[in-house]
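What follows is a short report on a single structure.
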There are 2 protein chains.
Amino acid sequence: MLPRKPLDPWLEPPSSLVDARVGAHFCLTCAFSEACIAGGYDKPEQAELHCLVEHAGPFRGGEYIFRTGDPFRSIFAVRTGAVKTSVVDKDGREQVLGFYLPGEVIGLNAIYPDRFPCNAIALETVHFCRFSFPAMSALAARMPAVQQRLFRLLSKELGMASLLAGDHSADVRMAAFLTDLAHRYAVRGFSGTQFHLSMSRGDIANYLRLAAETVSRVLSRFRTQRLIELEGRELLLLDPDGLRELGQSLLSR
Amino acid sequence: MLPRKPLDPWLEPPSSLVDARVGAHFCLTCAFSEACIAGGYDKPEQAELHCLVEHAGPFRGGEYIFRTGDPFRSIFAVRTGAVKTSVVDKDGREQVLGFYLPGEVIGLNAIYPDRFPCNAIALETVHFCRFSFPAMSALAARMPAVQQRLFRLLSKELGMASLLAGDHSADVRMAAFLTDLAHRYAVRGFSGTQFHLSMSRGDIANYLRLAAETVSRVLSRFRTQRLIELEGRELLLLDPDGLRELGQSLLSR
DNA sequence: CGGTGCAGTTGATCCTGATCAATACACCGT
DNA sequence: ACGGTGTATTGATCAGGATCAACTGCACCG
């Protein structure tokens with residue numbers, strides 16, 4: 001049980017926070033925001049961009065957005081909810097590759113093989129903006145800003161992939177994971193110290209290449225060290241700097 | 001000591017093989033081959049492309065091609081030799097991110113931060129083709145084929161990054177590593193069963209997130225299992241299928 | 001020549017995190 | 001209320017690989 005005082009911020013659950021911002025601010029924090037709404041483009045070009053955007057969803061928790069091997073036609077920007085991507089090796093074991101939060105883009109690793117190389121599964125109810133990729137790359141050919149945005153998105157994801165590389169201790173991995181999540185929420189305009197873990201302990205463990213039991217233990221340890229408070233999946237970072245410090249060797253890239 | 005009979009192939013060292021092919025076939029196997037020489041483009045466009053290519057090197061083993069934080073201006077295609085990329089965390093420990101063989105491209109992960117996020121270090125004498133990235137992306141805007149090639153290269157590298165993810169045993173990692181190397185050599189027109197390991201045991205260990213001692217032990221084990229023959233850094237795959245089988249859980253992506 | 005330094009191999013021991021197992025708890029439909 | 005199911009936590013034991021250490025082979029060099 002958590003003490004009563006620090007619980008106060010949770011009396012307004014994060015989900016309401018999310019909902020409140022979605023309508024007003026989503027597009028501003030989306031990875032394509034500049035392309036979609038920012039000025040600087042001519043009106044006709046903006047119109048073209050909006051033509052290739054299409055809203056998709058909702059998908060309920062557990063539903064597949066796409067599956068390994070599906071033909072690649074579109075990339076997805078998460079509007080609300082959260083998504084995990086994963087592959088299943090031939091022995092049937094799942095490998096979680098990543099989590100995607102509102103404003104983030106899924107599907108870029110499908111460009112090369114021209115098929116989705118992984119599954120994307122909703123962790124909770126999810127809405128998307130769907131961008132037709134052929135249309136988008138055609139547009140990119142005429143709008144350098146769009147092309148550059150795509151290059152940068154791809155390159156950025158490349159940098160992210162090395163986050164879980166490295167032989168670091170369970171504590172370091174977890175600290176880096178929480179700090180990364182917090183940062184990503186903060187960038188999108190959500191609280192960077194208090195948020196909901198959309199994924200199960202098992203998914204976290206799988207992503208960090210740990211056992212679920214180890215995840216539990218590390219989180220318990222963090223709690224006794226007063227680094228975090230945690231009730232179920234509601235997380236409060238008590239000492240973000242301490243966590244960042246702990247995970248620094250993973251985050252410095 | 002290796003038995004005399006199986007050593008025969010090594011009487012002609014791989015390096016001569018490399019040299020023989022470089023002049024004639026390099027461009028054909030380079031990641032940019034289609035862009036650089038393939039037909040289908042108009043002559044003026046080809047001329048433009050050749051304008052932005054510039055030969056660089058040689059760099060001797062141990063020399064830096066670029067360093068973390070250097071401003072990003074060009075991407076590099078390896079012509080001869082081999083390169084490792086690595087980052088150094090704040091405690092001064094090196095983390096090897098990848099190895100690059102002839103025909104492969106370095107520097108794509110620098111697009112987003114606009115600075116190189118890692119060091120690139122020659123493992124042996126290296127020559128490059130250097131492509132100005134601003135010029136290249138400008139060209140991409142006019143030549144859809146170039147744009148698509150860049151997208152695909154980026155996306156492909158994205159898929160590669162997950163090779164060393166996953167909690168696999170030392171044997172599996174090593175088998176997957178050797179199989180991957182063999183495949184990449186084969187794709188570029190070199191022998192896929194017999195090649196030179198340009199990197200030290202320490203670098204391999206670092207890349208695979210193992211201790212150097214473990215690398216030694218695994219390689220010894222592979223040797224007694226008649227999967228490979230190994231003398232110094234000269235490698236012969238005796239049972240490529242066996243190795244592939246062993247590493248399959250890592251390679252299936 | 002012996003000296004020095006580095007890369008690699010092999011052996012002995014230790015520790016982190018996986019695995020097996022039991023329990024607690026929330027949520028569900030009947 | 002009752003199981004039934006899925007998720008999370010905690011404890012006990014075990015093993016794979018890290019670490020420490022000794023030793024070899026080899027290149028380089030004064």
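Each chain gets a letter, A, B and so on, in the order the sequences are listed, and its residues count up from 1. Values below: every heavy atom of this structure, side chains too, minus hydrogens, waters and symmetry copies.
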Taking atom C1' of D:dT7 as reference, at what distance in whole Å does atom CG of A:Leu197 sit? 14 Å
With respect to the phosphate group of C:dT10, does any side-chain polar atom (N or O) of B:Ser220 fall under 4.0 Å of OP1 or OP2? yes
Separation between CZ (A:Arg130) and CD1 (A:Ile65), nearest 0.5 Å, reads 11.0 Å
Residues B:Arg188, B:Leu101; criterion side-chain contact (heavy atoms from CB on, under 4.5 Å); working and verdict: CA-CA 9 Å; B:Arg188 304 303 182 184; B:Leu101 309 180; 5.8 Å; no
Starting from C1' on D:dT7, measure out to CG on A:Leu230 and report it in whole angstrom. 13 Å
Any donor and acceptor pair, going by atom type alone, linking the side chain of B:Arg201 with main-chain N or O of B:Val215 inside 3.5 Å? no
Tell me what A:Ser216 touches on the nucleic acid: a base, only sugar-phosphate, or nothing, going by heavy atoms under 4.0 Å. base
Considering the terminal five base pairs at each end of the helix from C:dC1-D:dG30 to C:dT30-D:dA1, what angle separates the two local helix axes, rounded to 10°? 30°
Which residues pass the side-chain hydrogen bond (donor to acceptor under 3.5 Å, both in side chains) test with A:Thr68, not counting sequence neighbours? A:Asn119
Who are the ring pair (Phe, Tyr, Trp, His ring centres under 6.0 Å) partners of B:Phe128, not counting sequence neighbours? B:Phe59, B:Phe76
Rounded interatomic separation in angstrom, taking CG from B:Leu123 and P from C:dA7: 13 Å
Could you list, one pair per line, each protein nitrogen or oxygen that sits under 3.5 Å from a nitrogen or oxygen of nucleotides 16-18 of chain D, together with the distance?
| unit_1 | atom_1 | unit_2 | atom_2 | d |
| --- | --- | --- | --- | --- |
| D:dG17 | OP1 | B:Ala170 | N | 2.7 |
| D:dA18 | OP1 | B:Arg209 | O | 3.4 |
| D:dA18 | OP1 | B:Ala211 | N | 3.1 |
| D:dA18 | OP2 | B:Ala211 | N | 3.1 |
| D:dA18 | OP2 | B:Thr214 | OG1 | 2.4 |

Given 3.5 Å as the limit, does a donor-acceptor pair link the side chain of B:Arg173 with the main chain of B:Leu208, or not? yes
Could you tell me whether the phosphate oxygens of C:dG8, OP1 or OP2, come under 4.0 Å of any side-chain nitrogen or oxygen in B:Arg201? yes
Measure from the ring center of B:Tyr207 to the ring center of B:Phe99 and say whether it is less than 6.0 Å. yes
Just checking B:Arg233: does its CZ atom have more than 12 heavy atoms from other residues, nucleotides or ligands closer to it than 6.0 angstrom? yes
The side-chain hydrogen bond (donor to acceptor under 3.5 Å, both in side chains) partners of B:Thr193 (sequence neighbours excluded) come to B:Ser191
What's the CG-P distance between A:Leu208 and C:dT16, to the nearest Å? 18 Å
Which atom of B:Pro102 lies closest to which atom of B:Phe190, heavy atoms considered: CB-CE1, 4.2 Å
Pairs under 3.5 angstrom, nitrogen or oxygen only, protein versus nucleotides 21-29 of chain D, please.
none

Interatomic distance, A:Arg79 atom CZ to A:Glu104 atom CD [nearest 0.5 angstrom]: 15.0 Å
For atom CE of A:Met174 and atom C1' of C:dT16, their distance in whole Å: 15 Å
Whole angstrom value for the distance that separates P of C:dG17 from CG of A:Asn206: 17 Å
d(CG, A:Leu235; C1', D:dA8) in whole Å: 15 Å
